[in-house]
Protein chains: 2
Amino acid sequence: MPRTVDAEQRRRELGEAVWRVIRRDGVPGASVRNVAREAGTSMGSLRHWFTTQDDLLRFAMTLVAERARARVVAVLAASDTVDDRGLRALEEVLPLDEERRAETEVWLALTARALVDPRLAALRDASAEDLLALCALVLREPGALRAGLDPGLEAERLYAVLDGLAVHALTRPAALPADRARQVLAAHLEALRDTR
Amino acid sequence: MPRTVDAEQRRRELGEAVWRVIRRDGVPGASVRNVAREAGTSMGSLRHWFTTQDDLLRFAMTLVAERARARVVAVLAASDTVDDRGLRALEEVLPLDEERRAETEVWLALTARALVDPRLAALRDASAEDLLALCALVLREPGALRAGLDPGLEAERLYAVLDGLAVHALTRPAALPADRARQVLAAHLEALRDTR
DNA sequence: CGGAAACTAGCACAGTCGTGCTAGGAAGTC
DNA sequence: GACTTCCTAGCACGACTGTGCTAGTTTCCG
């Protein structure tokens, strides 16, 4: 019986309804009633899948991390030999198209809420560790990091560039369109390379 | 009659009460009642100074931008001859102590809310332009930018590092304590310098 | 078929919300 | 003294909130 699969599927559908509401009305708009209406179901049904509202928001946040992570892994797996795979992997977490933009919006909204919600904060911290590790991984590519640079510090710096670009591309799309964000990230990686 | 001075003073007091509530309970906690209680006054009095709740939040946001800006200007004015004045100016917008941490928390919370509140978004955009200009200014210091680097792109990159560090130092203080954030920022500026 | 489990639906409760509104007190001007 | 303006206080309203709860519906197993 593929019960658990169906259940997970249903939760994802509802989680994405949460996204749509958050994108339209912000986290405060993500009430049980609004989400249920958006998903075309009832309050009671929604509460069958998510006992409390916090459950719902936490799931929406794990969904962001999980989807971004899946894309990154896919890029890394699909481009074994390409030399800009690091850049292309990092681009997967920037809001460069509508899908990633939605994720980034939800991420930012929930990151802010995590300031006063410890359970969300734990999720946020976990995905932050993930991203920092991704940055470190990218810098371990052959020739990616010039001799004399401190790998730990450079990973932290790259991660700062990445999240800074994410925030700016999201909030100031006119000043920092997708191409420009990509260009800045590429320039940063280029500046770290061994330029023999 | 120093009425306007008193009035501005009163509004600032109430604005800082908003901060305290936002830091404790997040933006959703910043209801008219809660802020009035925090400020030790009544709903009616609060509504005399701020007609609507949006007024209140907008003012709290301008207060952040204004205070950070004042500190940056003070640093730039006080250190005409020091060669790390750029670094020290930029540090003023990082959450390196309790005061700046409070500002950054409020900034992040309101930035997220600005995603669905156009009037807040206008304020956020204005202060973003300010900060980008500050980055560009710092890079125009003598010797700050090596020949061959694109000033516009480097300003955008520096701004990304700055906001990225701000978010990370705020949300992951254990992984990125004040000294470390300062160190990463200094390393970034150093990497841009003319190293003749 | 019967029965159980999974799921959906939505009412009810107690609470918080923003804001309109009136009324009282304080301070300043004549 | 009266009069005006500024400020404070808080009630009242309708709307919305999360969650406990019961009842109905569908789906699956034997």
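A note on names: the letters A, B, ... follow the listed sequences, proteins ahead of strands, and every chain is numbered from 1.
Looking at the side chain of A:S45, the nearest of the listed nucleotides C:dT19, C:dT8, C:dA12 is C:dT8. Closest to the A:R47 side chain, of the nucleotides D:dG20, D:dT8, C:dT19, is D:dG20. Taking the side chain of A:R33 as heavy atoms from C-beta on, and the options C:dT8, D:dG18, D:dA9, the nearest nucleotide is D:dG18. In the set D:dT19, C:dG18, C:dA9, C:dG18 carries the atom at the smallest distance from any side-chain atom of B:S31.
Considering only side-chain N and O atoms, B:R37 lies nowhere under 4.0 angstrom from the phosphate OP1 or OP2 of D:dG10. The shortest distance between the side-chain N/O atoms of B:N34 and the OP1/OP2 oxygens of C:dT16 is not below 4.0 Å. Regarding contacts with the backbone of D:dC6, every side-chain N or O of B:W49 stays at 4.0 angstrom or more from both OP1 and OP2. Of the side-chain N and O atoms in B:T41, one or more sit less than 4.0 angstrom from OP1 or OP2 of D:dA9.
Ring pair A:H188/B:H188 is parallel by interplanar angle, where below 30° counts as parallel and above 60° as perpendicular.
To the nearest angstrom, C1' of D:dG18 lies 13 Å from CG of A:D55. Atoms CZ (B:F50) and P (D:dC7) sit 13 Å apart, rounded to a whole Å. A straight line from CD of A:E8 to P of C:dC7 spans 13 Å, rounded to a whole angstrom. Here the C1' atom of nucleotide D:dT27 and the CZ atom of A:R10 are 15 Å apart, to the nearest Å. Here D:dC11 presents its P atom at 16 Å from CG of B:L46, a figure rounded to the nearest Å. Nucleotide C:dT16 holds its P atom 16 Å from the CD atom of B:Q53, rounded to whole Å. Rounded to whole Å, the distance from CE on A:M43 to P on C:dC13 is 14 Å. As rounded to whole Å, 15 Å separates atom C1' of D:dG24 from atom NE2 of A:H48.
Between B:R24 and A:V116 the shortest side-chain heavy-atom distance does not fall below 4.5 Å.
The CD atom of B:E92 sits 9.0 Å away from the CD atom of B:E103 when rounded to the nearest 0.5 Å.
With axes fitted over five pairs at each extremity, the angle between the ends of the helix from C:dC1-D:dG30 to C:dG24-D:dC7 is 0° (10° resolution).
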Worksheet item: Going through the distances and angles, do B:D130 and B:L134 end up as a side-chain contact (heavy atoms from CB on, under 4.5 Å)?
Response: CA-CA 6 Å; B:D130 243 39; B:L134 172 63; over 6 Å; no

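Residues of residues 106-122 of chain A that place a heavy atom closer than 4.0 Å to DNA chain D do not occur.
Cluster annotation: A:L132 and A:L123 are assigned to distinct hydrophobic clusters (Ile/Leu/Val/Met/Phe/Trp/Tyr, side-chain heavy-atom contacts under 4.5 Å, transitive). A:L162 and A:V64 are assigned to two separate hydrophobic clusters, defined by single-linkage of ILVMFWY side chains at heavy-atom distances under 4.5 Å.
The ring-ring contact (aromatic ring centres under 6.0 Å, His included) test with A:F59 is passed by exactly one of A:W49, A:W19, A:F50: A:F50. Tested against B:E91, the residues B:R100, B:R85, B:R182, B:R71 include a single salt bridge (charged side-chain N to carboxylate O under 4.0 Å, His left out) partner, B:R182.
When atom types are taken as modelled, the side chain of B:D163 and the backbone of A:G164 share no donor-acceptor pair closer than 3.5 angstrom. The closest donor-acceptor contact from the side chain of A:S45 to the backbone of A:S42 lies at 3.5 Å or more, if one exists at all.
Two residues, B:G29 and A:G40, neighbour DNA chain C, and the one matched to the more 5' nucleotide by heavy-atom proximity is A:G40.
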